[in-house]
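We use all heavy atoms of the structure for the numbers below, so side chains are in, but hydrogens, waters and symmetry mates are not.
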Amino acid sequence: MAKPPPHAIQPTRSEDYPEWYQQVIRAADLAEVSPVRGCMVIKPWGYSIWENMQAALDRMFKSTGHVNAYFPLLIPMSYLEKEAAHVEGFAKECAVVTHHRLEPDGEGGLRPAGPLEEPLVVRPTSETIIGEMYSKWIQSYRDLPILINQWANVVRWEMRTRLFLRTTEFLWQEGHTAHATQAEAEEETRKMLDVYADFAENWMAMPVIKGEKTAEERFPGAVATYSIEAMMQDRKALQAGTSHFLGQNFSRAQEIKFQDETGQEAYAWTTSWGVSTRLVGGLIMTHGDDDGMIVPPRLAPQHVVILPVLRGDDSSAAVMEYCHTLKSQIEAESFNGQPVRVALDARDIRGGEKTWQHIKRGVPIRVEIGPRDMEGDHCFVGRRDQPPKQKESIPRAQFVSTLAEQLQNMQQQLFDRALQAREEATRDIDTLDEFRDFFTPKQPKQPEIHGGLARCHFSEGEEMSAILKELKVSLRCIPLESEREDGECIFSKRPSHRRAIFAKAY
RNA sequence: CGGGCUGUAGCUCAGCUUGGCUAGAGCGCUGCGUUCGGGACGCAGAGGUCGUAGGUUCAAAUCCUAUCAGCCCGACCA
């Protein structure tokens with residue numbers, strides 16, 4: 001008999017983190033690469049997680065006064081040309097539609113025919129088409145604010161792709177708002193950043209740092225870009241959501257004008273903000289372990305899976321009946337304001353294999369029910385944030401009545417664990433030598449997990465850019481909650497009044 | 001777009017240097033049996049015109065040419 005591997009996922013995180021990531025996606029049945037270059041197929045388990053994210057975010061957007069709408073996938077190329085910085089930023093990664101018809105090529109294949117007068121760009125983001133519509137909708141200050149969100153897919157022709165983290169096509173939401181005053185637009189930008197942080201921490205159990213991006217990392221065309229930054233278990237940073245204050249840049253380019261209360265003509269102040277399926281990647285890398293994914297209860301497609309232990313004798317029918325009853329009892333409980341989501345896995349496959357499938361997918365709670373448990377009216381319970389073999393027999397009534405508590409406890413555990421990992425990998429660094437050391441792997445050929453979040457004094461310029469490029473480190477953000485502190489830039493020795501977060505990043 | 005590499009079974013790959021029986025393995029899949037509060041084992045079986053097109057040859061997965069696709073390293077990035 002073959003000895004089972006010590007962990008469900010090979011290699012482990014410490015052996016080869018990038019490969020581990022891919023293997024988790026496969027083992028948890030989240031997604032796979034499609035035949036289309038750079039594009040992924042999101043499988044039901046992965047998509048359900050995304051749907052749960054959507055549902056939670058959508059409620060948050062609506063409760064902050066936003067409504068959903070939908071704008072076209074295809075954007076006239078000339079629209080992108082209107083805002084100079086914006087074109088510059090996105091031109092290189094646009095997919096372009098140039099024809100509208102196919103015809104036989106005479107060799108059994110097809111070729112494009114019917115060239116378009118003006119090429120259409122597949123949206124990389126929708127500021128331009130939405131702005132165009134806003135310019136028609138907005139005439140008076142009474143038309144403002146406009147607070148619209150859209151759930152959509154976008155395409156960015158990236159050179160290198162990784163499932164969920166960077167794919168050619170991805171799913172996201174993009175909020176686009178227009179306001180009468182600068183203050184109101186700035187407030188909106190920050191409010192949505194807060195919504196993202198709230199979602200990341202309280203739903204994804206992923207601690208984040210809210211901060212502002214530097215000019216270099218700013219969204220093309222924005223006046224200010226804010227992001228939430230999370231740290232993954234390999235100590236690299238992941239930009240998990242962005243919120244942009246666009247000032248009047250887009251409204252000037254797109255003529256989004258209105259008459260204010262005094263009858264004066266003014267340009268609207270706009271914002272945009274988004275999160276994407278990248279968050280699923282963040283979830284994997286924040287909580288996953290060497291046995292696969294761990295889904296935080298609040299986002300789990302299933303909170304509980306019931307695994308009947310069937311011996312193939314006459315006890316089976318009774319066990320199944322017991323399981324069905326248990327299932328409805330569990331469904332009657334609520335967690336996080338909704339019925340507890342429970343599945344009964346009665347598939348005719350080996351018990352061990354079945355159990356491991358659910359472990360790899362990250363289902364928070366597994367309950368095994370066999371004749372013995374049934375007799376004693378007990379549940380044999382395993383929790384995904386604990387080792388696979390560590391299971392506990394709990395009286396059924398107690399198990400059911402404490403389920404919500406267990407789930408909440410696990411949600412909290414995951415957050416605490418992630419926060420602790422981040423804190424352990426965060427350092428104040430005040431010298432360039434220490435900075436280099438922090439971000440240089442000891443084994444250059446196959447870098448071990450190293451680095452983390454470095455908090456340093458800085459001053460933007462050539463000196464800093466050169467060193468960051470050399471070490472493949474980037475300035476993630478200037479934290480909003482940081483205290484003013486006098487010091488000097490570790491790269492240029494120029495005076496500095498604030499620390500920024502530096503890290504290697506996805 | 002520059003540099004390196006790979007296309008053989010559903011997946012991971014061996015075979016190619018030095019052309020030669022019916023193209024192989026592991027995993028997965030199907031069936032039967034033994035097991036089973038646990039990622040099991042045995043036996044039997046299904047599954048491939050070797051990326052595509054041409055060429056050389058008595059003979060091509062293997063050699064040559066072209067072509068397509070993908071991967072890795074750079075510049076870009078939610």
Of the listed nucleotides (B:rG38, B:rA78, B:rG37), which one gets closest to any side-chain atom of A:Phe380?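 Nearest listed nucleotide: B:rG37.
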For A:Thr402, all residues meeting side chain to side chain contact (heavy atoms under 4.5 Å, CB included), sequence neighbours excluded: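 Applying side chain to side chain contact (heavy atoms under 4.5 Å, CB included) to A:Thr402 gives A:Gln398, A:Glu405, A:Gln406.
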For the [atom1] atoms, the ones on [N] and on [M], what distance do you get once it is rounded to whole angstrom?
| N | M | atom1 | result |
| --- | --- | --- | --- |
| B:rG33 | B:rG10 | P | 29 Å |
| B:rG3 | B:rG19 | P | 32 Å |
| B:rC21 | B:rU65 | C1' | 30 Å |
| B:rA53 | B:rA61 | P | 13 Å |
| B:rC72 | B:rU18 | C1' | 31 Å |
| B:rU8 | B:rC50 | C1' | 4 Å |
| B:rU17 | B:rC64 | P | 9 Å |
| B:rC58 | B:rG15 | P | 29 Å |

For residues 202-210 of chain A, tabulate all N or O donor-acceptor pairs below 3.5 Å that involve a side-chain atom, not counting sequence neighbours.
residue, atom, partner, partner atom, Å
A:Asn202, ND2, A:Asp198, O, 3.4
A:Asn202, ND2, A:Asp198, OD1, 2.5
A:Lys210, NZ, A:Asp194, OD1, 2.8

Side chain to side chain donor-acceptor pair (under 3.5 Å) involving [X] - partner list, sequence neighbours excluded:
| X | value |
| --- | --- |
| A:Thr64 | A:His66 |
| A:Thr189 | none |
| A:Tyr322 | A:Asp377 |
| A:Tyr21 | none |

Its dot-bracket string being built from Watson-Crick and G-U pairs below 3.5 Å, with | for another strand and [ ] for crossing, RNA chain B has the pattern (((((((..((((......[...)))).((((((.....)))))).....(((((..]....))))))))))))....
On the nucleotide B:rG74, are OP1 or OP2 found under 4.0 Å from the side-chain N or O atoms that A:Lys472 carries?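 A:Lys472 to B:rG74 OP1/OP2: side-chain N or O found under 4.0 Å.
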Can you tell me the distance, in whole Å, between the [atom1] atom of [X] and the [atom2] atom of [N]?
| X | N | atom1 | atom2 | answer |
| --- | --- | --- | --- | --- |
| A:Lys360 | B:rG39 | NZ | P | 13 Å |
| A:Gln357 | B:rG28 | CD | P | 12 Å |
| A:Leu163 | B:rC71 | CG | C1' | 14 Å |
| A:Arg162 | B:rC71 | CZ | P | 13 Å |
| A:Arg372 | B:rC36 | CZ | C1' | 12 Å |
| A:Ile228 | B:rA78 | CD1 | P | 14 Å |
| A:Leu238 | B:rA78 | CG | P | 11 Å |
| A:Tyr506 | B:rA78 | OH | P | 16 Å |

Under 4.0 Å between any heavy atoms, over every strand shown, what does [X] touch: base, sugar-phosphate, or nothing? Just pick one.
| X | value |
| --- | --- |
| A:Pro388 | nothing |
| A:Phe170 | base |
| A:Gly274 | nothing |
| A:Thr225 | nothing |
| A:Thr242 | nothing |
| A:Glu93 | sugar-phosphate |
| A:Glu368 | base |
| A:Leu279 | nothing |

Under 3.5 Å, is there a donor-acceptor pair between the A:Glu229 and A:Ser227 side chains?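 On atom types as modelled, these side chains qualify, holding a pair under 3.5 Å.
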Would A:His244 and A:Thr225 count as having a side-chain donor-acceptor pair, cut-off 3.5 Å?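 A:His244 vs A:Thr225: donor-acceptor pair found between side chains.
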I need the residues from residues 345-354 of chain A with at least one non-hydrogen atom less than 4.0 Å from RNA chain B; give them sorted by number, or say none.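 Output list: A:Arg350, A:Gly352, A:Glu353.
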Strictly below 4.0 Å, N to O, side chains only: are A:Asp289 and A:Arg384 in salt-bridge contact?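 Result for this pair is yes, salt bridge flagged.
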Between A:Ile9 and A:Glu216, name the one whose nearest nucleotide on RNA chain B is closer to the 5' end.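 Going by which nucleotide is closer to the 5' end, it is A:Ile9.
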Most 5' of A:Lys469 and A:Trp356 on RNA chain B, judged by nearest nucleotide: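 The answer here is A:Trp356.
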Answer yes or no: are there more than 12 heavy-atom neighbours, outside A:Glu470 itself, under 6.0 Å from its atom CD?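 Yes, because the 6.0 Å sphere around CD of A:Glu470 holds more than 12 heavy atoms from other groups.
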So which pairs with a foot in residues 40-51 of chain A pass salt bridge (Lys or Arg N to Asp or Glu O under 4.0 Å), sequence neighbours left out?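 Residue pairs with at least one partner in residues 40-51 of chain A: A:Asp29-A:Lys43, A:Glu32-A:Lys43.
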